[in-house]
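Computed from a predicted structure; not experimentally measured.
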Amino acid sequence: MSSTVDYYELLECERGADGATIKSSYRKLAMKYHPDKNAGCKDSEAKFKAVSEAYEVLKDPQKRAAYDRYGHAAFQNGGGGGGAQDFGGFSDIFESVFGEFMGGARGGGRAQQRRGADLRYDMEVSLEEAFHGKATEITVDVSAQCDTCHGSGAKPGTHASTCRQCNGHGKVRAQQGFFVVERACPVCQGAGEIIADPCPDCRGEGRVEETKTLSVNVPPGVDEGTRIRLSGEGEAGPRGAPAGDLYIFLHVKRHPIFEREGTTLFARAPISFTTAALGGALSIPGLDGRTHEIKIPAGIQSGKQLRQRGAGMPVLQGRGQGDLVVQIEVETPTKLSVRQRELLELFRETETGDECPDSQGFFAKLKGVFAAE
């Protein structure tokens, strides 16, 4: 079929298509016409052979250059590269393209060591500790490398032997129709080695359970969910494989005064209505150990936020600090002495409405609404 059909037309590609485009097109067509998907269909089998033949030529820069110049004639009379192939050749082509779905291409070295599992540890810190940082120690139960066999899993004085079933690869392959299925070796369980005389302490695992005490440095500026990684402090890998990592997830305790958003600290400060009217100042002790003086302008209203630059949380692994934002809450007195009530009554008698323009404007709007009705 392909001896008379243009290879680019077979792969549904332009002549100037790059290698990635050609490969992608072949993958799509090979899956479409694959014999296992079209059992007994001679037409699909022929098309599968044709697109595989075309890809065999166009994937190779030298063969593609010869084809672009001479066409099919480049591979006639012993030119090589094109022409009919048996299904063994097409299997190699197909596997080279789809190898990542089947555990990689054929061949390969010895079985890869399985890295130990990563572990998680949750640590709670106060907002003050998150501000200043701290050095502490934690205790964790982990699988550590066996000291008796040094992680090999074999009894001291002996060693593991290569698995004869998989020749040390840890995987075996089986032909199922056109596909090659790869799975862990059932004899060595994927290790690639057989331990005839296992270590008595770890029973051939190369690792034992133990309790470890680790030093942890919490840097200034950490926040809820900050993750600290201790490399190599997770589970030890089986039979000498590398250990995983330990990840410490930080949780910041709720503070009685400050709330936090990034590097900004928020605090709510109730003030008397006389301070709100006349102005004044607030003294707020910060997490940095300093007392911050917040000036309150006369006539301030509830909900107004006052910002103190550089009094917030430090920037994690950076320079500078965020801000402290104080939200004012004007408190109305609920317990008045006789003298205080007299003074307030006197004040009310002198009110003209200009003292509280928002109130005056609100009631003026109400009169206007009801007067219109």
Side-chain angles (χ1 to χ4, degrees), residues 100 103-104 108-153 170-171 184 189-193 199 201-255 258-266 286-289 310-323:
E100 62 266 31
R110 300 184 63 82
Q112 294 184 349
Q113 290 182 311
R114 290 176 295 168
R115 180 175 173 270
D118 293 333
L119 296 179
R120 171 174 177 150
Y121 184 94
D122 291 280
M123 177 188 293
E124 192 174 57
V125 296
S126 66
L127 188 60
E128 289 83 0
E129 290 171 334
F131 183 95
H132 296 285
K134 72 169 186 175
T136 186
E137 290 185 341
I138 61 173
T139 302
V140 293
D141 295 324
V142 298
S143 292
Q145 186 182 82
C146 176
D147 292 332
T148 303
C149 64
H150 304 290
S152 70
K171 297 179 181 179
Q189 308 301 319
E193 296 178 331
C199 171
D201 291 341
C202 65
R203 298 180 181 179
E205 272 290 306
R207 52 187 180 178
V208 293
E209 295 294 326
E210 69 174 33
T211 301
K212 296 170 66 174
T213 300
L214 303 173
S215 298
V216 180
N217 181 38
V218 179
V222 295
D223 203 348
E224 178 72 25
T226 297
R227 189 177 67 174
I228 299 175
R229 174 176 171 237
L230 299 184
S231 180
E233 297 296 350
E235 295 276 358
R239 300 185 184 179
D245 299 329
L246 174 65
Y247 290 92
I248 301 174
F249 287 78
L250 298 179
H251 305 280
V252 182
K253 296 178 185 177
R254 192 179 185 90
H255 196 272
F258 297 112
E259 296 180 7
R260 177 183 181 180
E261 186 175 315
T263 59
T264 303
L265 290 175
F266 292 88
L287 295 177
D288 54 6
M313 295 293 293
V315 178
L316 179 63
Q317 296 178 344
R319 295 181 179 180
Q321 290 182 219
D323 300 334

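- For the pair His132 (side chain) and Leu287 (backbone), a donor-acceptor distance under 3.5 Å is present.
- Not one N or O on the side chain of Asn217 forms a donor-acceptor pair closer than 3.5 Å with the backbone of Ala135.
- Between the side chain of Glu205 and the backbone N or O of Cys202 there is no donor-acceptor pair closer than 3.5 Å.
- For the pair Leu265/Leu127, a side-chain contact is recorded, criterion being any heavy-atom separation below 4.5 Å from C-beta on.
- Remark: Leu316 CG to Met313 CE distance equals 9.5 Å, nearest 0.5 Å.
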Show me the donor-acceptor pairs within less than 3.5 Å that the side chains of residues 138-151 make with the rest of the protein, sequence neighbours left out.
from, atom 1, to, atom 2, distance (Å)
Asp141, OD1, Thr211, OG1, 2.6
Ser143, OG, Glu209, OE2, 2.5
Ser143, OG, Glu235, OE1, 2.7
Thr148, OG1, Asp201, OD2, 2.4

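- From Tyr121, atom OH reaches atom CG of Leu214 across 9.5 Å, with rounding to the nearest 0.5 Å.
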For residues 219-228, tabulate all N or O donor-acceptor pairs below 3.5 Å that involve a side-chain atom, not counting sequence neighbours.
from, atom 1, to, atom 2, distance (Å)
Glu224, OE1, Val252, N, 2.8
Glu224, OE2, His251, ND1, 2.8
Thr226, OG1, Asp223, N, 2.8
Thr226, OG1, Asp223, O, 2.9

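- Closest approach of Arg260 to Ala130, counting heavy atoms only: NH1-CB, 4.2 Å.
- Separation of atoms CD (Glu137) and OG1 (Thr213) is listed at 6.5 Å; rounding is to 0.5 Å.
- Residues Phe131 and Gln321 form a side-chain contact, since some pair of their non-hydrogen atoms from C-beta on lies under 4.5 Å apart.
- Separating the CZ atom in Phe266 from the CG atom in Asp323 is a distance of 9.0 Å, to the nearest 0.5 Å.
- How far CD of Glu124 is from CD of Glu129: 9.5 Å, rounded to the nearest 0.5 Å.
- A salt bridge is defined here as a Lys NZ or Arg NE, NH1 or NH2 lying under 4.0 Å from an Asp or Glu carboxylate O, and Arg120 with Asp122 meets this definition.
- Classification of Arg239 and Glu193 as a salt-bridged pair fails, no side-chain N sitting under 4.0 Å from a carboxylate O.
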